[in-house]
Amino acid sequence: MGASEKTGRKLVTLHKGRERSIIKRHPWIFSSAIASVHGNPQSGDTVEILTQDGQWVARGAYSPQSKIRIRIWTYSERIEVGEEFFQNRLERAIGKRSNLLEAEDTNAYREVYAESDQIPGLIVDRYADVRVIQFLTVGAEKWRDVIVKNLFDRGDVSGIFERSDVKVRELEGMSKRAGLLAGSIPNNPIEIIESGHRFRVNIREGHKTGFYLDQRNNRKLFRKMAAHANVVLDCFSYTGAFSMLALEAGAGEVVAIDSSSSSLALAEQNIKLNDLSVERWEAVNDDVFRVLRAYRDRDKSFDLIVLDPPKFAATPSHVERATRGYKDINLLAIKLLRPEGILFTFSCSGGISAELFQKIVSGAALDAGKSVSILHWLDQPQDHPVKLNFPEGRYLKGLVCRVEENF
Ligand code: SAH
């Protein structure tokens with residue numbers, strides 16, 4: 001009888017030397033690092049991870065279908081994975097945000113950011129008195145009831161809604177799922193406050209968990225810069241957060257482009273909700289690439305443009321195509337900017353590094369024949385922190401550029 005049968009524990013032994021990444025506290029173990037598995041662990045089960053010579057190194061969730069075969073729960077042998085474990089981790093993650101965000105007149109933010117909060121596979125976003133959550137891995141899924149109970153028993157929300165309707169679940173052998181998990185939520189969009197501004201959010205069907213919470217800090221800077229702009233272009237506007245702030249800052253005219261008519265309809269509601277007139281706002285329900293080319297052909301120009309496209313590179317294999325997409329829209333935008341015009345340009349593709357993104361924008365400026373300066377490098381905010389031992393947690397990057405003169 002092997003050790004695992006005796007103790008009832010499920011054990012995974014690594015190939016020689018493959019504990020190196022764990023010693024550096026990286027939370028993933030790839031299938032190629034694993035020499036043998038004992039105790040027949042099932043999807044999501046907690047396994048003990050041992051070096052080739054039998055030393056205990058970590059405890060993690062086993063995912064038989066994913067190339068990321070194990071995600072680490074703990075590097076400490078004393079810490080068992082159970083109700084108390086999730087209680088502590090959730091308490092810690094949520095506690096960190098409450099201090100941070102009370103001061104910001106904001107009641108919508110990320111409360112749990114997966115690996116960055118040492119709860120791989122779990123996303124919890126707070127929208128006023130509702131939590132919206134995603135279970136992205138079989139490990140997090142296994143503890144779903146414990147997690148939901150904890151998040152509801154805190155007594156600070158009226159309902160919890162699940163938005164695990166995301167493609168990445170397929171990599172873990174799980175199908176998509178969405179629906180009410182606890183309590184109740186309103187039928188209509190929920191109203192939230194971000195940096196003192198009101199927004200309606202459709203948590204049932206909106207993108208991600210409903211709102212791009214990760215742009216909060218960048219929107220603050222955008223609002224400041226929009227105060228000096230006459231004509232503003234909000235590309236990939238979704239529910240109009242950037243548009244609304246430009247109008248609020250006093251921009252003369254704001255054009256929003258999005259291929260989703262329901263997003264633009266909610267954008268209009270958001271503008272009105274903040275007591276702003278929609279007369280200075282034009283919604284263009286079309287493809288950004290097409291509209292930008294048409295503007296170029298008509299010599300239309302802008303003082304401030306924001307490009308906040310969806311993830312062009314969902315996986316590393318799409319990086320080349322994504323690079324072309326980013327280059328195209330940035331080239332067009334740079335051409336459409338008036339002298340001294342400002343470009344806010346973003347990429348939320350994890351596969352496109354900040355360095356590569358800057359190179360792409362640089363190539364676009366060169367092709368546009370313009371001298372361009374970077375004024376700011378932008379990132380995701382504090383509620384989406386990046387652990388030094390898990391740089392993969394960084395996905396959002398942006399540049400604020402000033403288009404100066406022709407080369
Ligand atoms: N800037 C927004 C978030 C943008 S999300 C905010 O701050 O809230 C990306 C948006 O791009 C989505 O609303 C999606 O409908 C839209 N979209 C995706 N591809 C598009 C395309 N080719 N043309 C126009 N809109 C597009």
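What you are looking at is a predicted structure, and each value in this text was computed from that prediction instead of being measured. We use all heavy atoms of the structure for the numbers below, so side chains are in, but hydrogens, waters and symmetry mates are not. For ligands, and for the atoms within them, numbers begin at 1 and follow the listed sequence.
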Self-check item: Enclosure of Glu355 CD (heavy-atom neighbours >12, cutoff 6.0 Å)
Solution: no

Quiz item: Is the gap between the ring centers of Trp143 and Phe135 under 6.0 Å?
Solution: no

Quiz item: Could an N or O of ligand 1 be found under 3.5 Å from any N or O of Arg219, whether backbone or side chain?
Solution: yes

Quiz item: Taking atom CD of Glu83 as the centre, does the number of heavy atoms from other residues, nucleotides or ligands within less than 6.0 Å exceed 12?
Solution: no

Quiz item: How close does the nearest protein non-hydrogen atom get to atom 19 (N) of ligand 1, and which residue and atom is it?
Solution: Pro310 CG, 3.8 Å

Quiz item: Mind checking whether Phe236 has an N or O less than 3.5 Å away from an N or O of ligand 1?
Solution: yes

Quiz item: Quick one: which ligand 1 atoms are inside 4.0 Å of a heavy atom on Phe242?
Solution: 1 (N), 7 (O)

Exercise. Could you say whether the N/O atoms of Gln215 and ligand 1 ever approach to under 3.5 Å?
Key: no

Practice problem: Within a distance under 4.0 Å of any heavy atom of Val288, pick out the atoms of ligand 1 and give their elements. | Solution: 21 (C), 23 (N), 24 (C)

Quiz item: Going by the order shown, which atoms of ligand 1 are within less than 4.0 Å of some heavy atom of Ser260?
Solution: 15 (O)

Quiz item: Using a heavy-atom cut-off of under 4.0 Å, does the side chain or the backbone of Tyr238 touch ligand 1, or both, or neither?
Solution: both

Quiz prompt | With Glu279 via salt bridge (Lys or Arg N to Asp or Glu O under 4.0 Å) - residues at least two apart | solution = none

Quiz item: Any ion pair linking Asp383 and Arg126 (charged N to carboxylate O, less than 4.0 Å)?
Solution: no

Quiz item: Can you tell me which residue and heavy atom of the protein come closest to atom 25 (N) of ligand 1, and the distance to 0.1 Å?
Solution: Ser259 N, 3.0 Å

Quiz item: With side chains defined as the heavy atoms from C-beta onward, is the minimum distance between Gln215 and Leu396 less than 4.5 Å?
Solution: yes

Quiz prompt | Within-cut-off N or O pair, Asp258 and ligand 1, under 3.5 Å | solution = yes

Self-check item: Ring centre gap for Phe346 and Phe236 strictly below 6.0 Å
Solution: no

Quiz item: Is the distance between the ring centroids of Phe211 and Tyr127 less than 6.0 Å?
Solution: no

Quiz item: Any N/O of Asp308 closer than 3.5 Å to an N/O of ligand 1?
Solution: yes

Practice problem: Consider every N or O of Phe289 and every N or O of ligand 1, then say whether any pair is closer than 3.5 Å. | Solution: no

Quiz item: Any salt bridge between Arg402 and Glu404, counting N to O under 4.0 Å?
Solution: yes

Practice problem: Name all residues meeting the salt bridge (Lys or Arg N to Asp or Glu O under 4.0 Å) criterion together with Glu205; count only those two or more places apart in sequence or in a different chain, and write none if there are none. | Solution: none

Quiz item: Quick check: does any side chain N or O of Arg25 sit under 3.5 Å from a backbone N or O of Leu388, one acting as donor and the other as acceptor?
Solution: no

Exercise. Mark the output for Asp287 as yes if a heavy-atom distance to ligand 1 is under 4.0 Å, and as no if none is.
Key: yes

Quiz prompt | Atoms of ligand 1 close to Asp286 [distance to a heavy atom under 4.0 angstrom, numbered from 1] | solution = 23 (N), 24 (C)

Self-check item: 4.0 Å heavy-atom contact, Val291 with ligand 1
Solution: no

Quiz item: Looking only at distance, does Asp234 have an N or O less than 3.5 Å from an N or O of ligand 1?
Solution: no

Quiz prompt | Nearest-neighbour protein heavy atom for atom 12 (C) of ligand 1, which is reported as residue plus atom name and distance | solution = His207 CE1, 3.2 Å

Quiz item: With backbone taken as N, CA, C and O and side chain as the heavy atoms from C-beta onward, which portion of Ile257 lies under 4.0 Å from ligand 1: side chain, backbone, both, or neither?
Solution: neither

Quiz item: Under 3.5 Å, side chain of Asp258 to main-chain N/O of Ser260, donor-acceptor pair present?
Solution: yes

Quiz prompt | Residue part near ligand 1, for Ser237, under 4.0 Å between non-hydrogen atoms | solution = backbone

Self-check item: Proximity of Phe211 to ligand 1 by residue part, where a heavy atom lies under 4.0 Å
Solution: neither

